[in-house]
Amino acid sequence: MADAADLALRMGDSTLILGHRVSEWCGHAPILEEDIALANIALDLIGQAQMWLGLAGETLGRSADQLAFLRDAGAFRNLLICERPNGDFGHTLMRQCLFDGWHLAMLRRLIGSSEPRVAEIAAKAEREVAYHFERSSDLVIRLGDGTGESHARMQAALDALWPWVGEMFTGDATDAELAGAGIAPAPESLRAEWDATMDEVLAESTLIRPESDFAQLGGKQGRHTEHLGHLLAEMQFLQRAYPGATW
Amino acid sequence: MVTEAQVWGWLAEVPDPEIPVISVVDLGIVREVSVGEEVTVTVTPTYSGCPATSVITFEIDAALRRQGITPRIETRIAPPWTTDWITAEGRDKLRAYGIAPPVDGTAPTGRRVARMVGGNFTVACPRCGSTETEEVSRFGSTPCKAAWRCKSCAEPFDYFKCH
């Protein structure tokens, strides 16, 4: 039977992997303010991952650090969209906006979770993610409805990322058990709200919503793209090279 | 015998590591002090990823050890920390230091506000008091601050975001 640890592992892995991806921008963003903004968002996400993985680890008998740094790709339960490479700045923002819209809706439902520990983490993270979504949607609109160049890049990013959207709203047996126990909402139940919000953002961005419903699945079950292994090789390097290192 | 008031007094001397003009008490993160067989201090961290959090715990521990107390420090995340908990004195200290204190009631709702650069509320410049100011970036030098500038005195300043 699925329990809060399964949910916490999925949430923790998604926030950890996306947080690490976003942190790759540190020192490389187009302007200083955006560099700082990206680093701050990465920090929020990694901080949230620490809480989620801490909760999961209580059941799994491992610390948050052990879960983050000593598992191989097949043991990660993050959404595939989180491990997509950054691409250009517009691509990174589009990924963030698509994810933030889902993340905010998910956290708002988790605040009502039957599991008090889940509800507490969600309530804390929700305030931070509201900021993330305001920023990412604002920038998607400004770049989409910007110059010919920025518009073309944002449309290309949306088209490229679209196959990774459906997974956020596709449940499996674990999700069904979590929903049945009142621990988490059924992923499908978040879709209508996300669609309404995102249609508004895309309309104002002058971007065209792709028509395909094809969804690449597998992240939540541990079947990942080739990109996750490369990400982990960098993220886990220190603990792999110097097992047990602390400072 | 140590009293709760004494402990609160000592904690009021512990500076925030990032913004040392205000104390951890001003910041509203010390939620409870109880004195029994041992002294317990309950702390609610600010942002999830704020690197100052572990330093704050260390500083509180060190400050009380200087008074001969080995405290138990507990972390409580619910209800989540909000800038509403920053004391009036803390707000005055922030302003004097050059950081505009949070404008209550302007926490993000997640509702997308089109073209929101410039913001939908007014922040007074902590240097000259002018409200002719604008947002430069929603994310500043620490997770809790945004970067603003004053159009009257032409100085940039930090704004402590409502959270």
A.B. asks: Heavy-atom pairs under 4.5 Å with chain B - which of A:Met51, A:Glu120, A:Arg108, A:Glu128 has more of them than the others?
C.D. replies: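 With the most close heavy-atom pairs to chain B, the winner is A:Glu128.
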A.B. asks: Can you confirm if the aromatic rings of B:Tyr47 and B:His163 lie within a centre distance of less than 6.0 Å?
C.D. replies: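 Yes: the rings meet the under 6.0 Å criterion.
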A.B. asks: Taking the side chain as everything from C-beta on, heavy atoms only, tell me whether A:Gln155 gets closer than 4.5 Å to A:Ile208.
C.D. replies: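 Yes, at least one pair of side-chain atoms sits under 4.5 Å.
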A.B. asks: Please state whether the side chain, the backbone, both or neither of B:Pro51 comes within less than 4.5 Å of a heavy atom of chain A.
C.D. replies: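 Side chain of B:Pro51 only, per the 4.5 Å heavy-atom cut-off to chain A.
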A.B. asks: Which atoms of A:Leu104 are under 4.5 Å from chain B, going by heavy atoms: the side chain, the backbone, both sets, or neither?
C.D. replies: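 It is the side chain, since no backbone atom gets that close.
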A.B. asks: Between B:Ala78, B:Pro108, B:Ser137, who has the most heavy-atom pairs with chain A when the cutoff is under 4.5 Å?
C.D. replies: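 Of B:Ala78, B:Pro108, B:Ser137, B:Pro108 has the most heavy-atom pairs under 4.5 Å with chain A.
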A.B. asks: Which region of B:Cys144, side chain (C-beta onward) or backbone (N, CA, C, O), has a non-hydrogen atom less than 4.5 Å from a non-hydrogen atom of chain A, or is it both or neither?
C.D. replies: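 Answer is neither: B:Cys144 stays 4.5 Å or more from chain A.
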A.B. asks: Taking the cut-offs as 6.0 angstrom to the six-membered ring centre and 45 degrees off its axis, would you call B:Arg138 and A:Tyr131 a cation-pi pair?
C.D. replies: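 Output no; distance or angle outside limits.
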A.B. asks: Salt bridge check: are A:Arg209 and A:Asp159 linked by an N-O gap of less than 4.0 Å?
C.D. replies: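 No salt bridge links A:Arg209 with A:Asp159.
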A.B. asks: For the candidates A:Glu126, A:Gln50, A:Gln48, which exhibits the highest count of non-hydrogen atom pairs separated by less than 4.5 Å from chain B?
C.D. replies: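 Highest number of heavy-atom pairs under 4.5 Å: A:Gln48.
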A.B. asks: For a salt bridge (Lys or Arg N to Asp or Glu O under 4.0 Å) with B:Arg149, tell me which candidate from B:Glu134, B:Glu135, B:Glu132 qualifies.
C.D. replies: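 Among B:Glu134, B:Glu135, B:Glu132, the one that satisfies the salt bridge (Lys or Arg N to Asp or Glu O under 4.0 Å) with B:Arg149 is B:Glu134.
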A.B. asks: Does any backbone or side-chain atom of B:Thr142 lie under 4.5 Å from a heavy atom of chain A? Answer side chain, backbone, both or neither.
C.D. replies: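 Contact with chain A involves the backbone of B:Thr142 alone.
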A.B. asks: Does this structure show an ion pair linking B:Arg72 with B:Glu74, if we count only N-O contacts that are shorter than 4.0 Å?
C.D. replies: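 Salt bridge between B:Arg72 and B:Glu74, a charged N being under 4.0 Å from a carboxylate O: yes.
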A.B. asks: Examine whether an atom of B:Thr75 lies under 4.5 Å from a heavy atom of chain A, and if so say whether it belongs to the side chain, the backbone or both; otherwise answer neither.
C.D. replies: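 Neither part.
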A.B. asks: Look at B:Pro45, B:Ala147, B:Gly140 and state which one has the largest set of heavy-atom pairs under 4.5 Å with chain A.
C.D. replies: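 Most heavy-atom pairs within the cutoff with chain A belong to B:Gly140.
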A.B. asks: Inspect the contact between B:Asp158 and B:Lys145 and indicate whether a charged nitrogen and a carboxylate oxygen are less than 4.0 angstrom apart.
C.D. replies: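 Salt bridge flag = yes for B:Asp158 with B:Lys145.
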A.B. asks: Please classify the contact of A:Ile121 with chain B as side chain, backbone, both or neither, using a heavy-atom distance under 4.5 Å.
C.D. replies: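 Both backbone and side chain.
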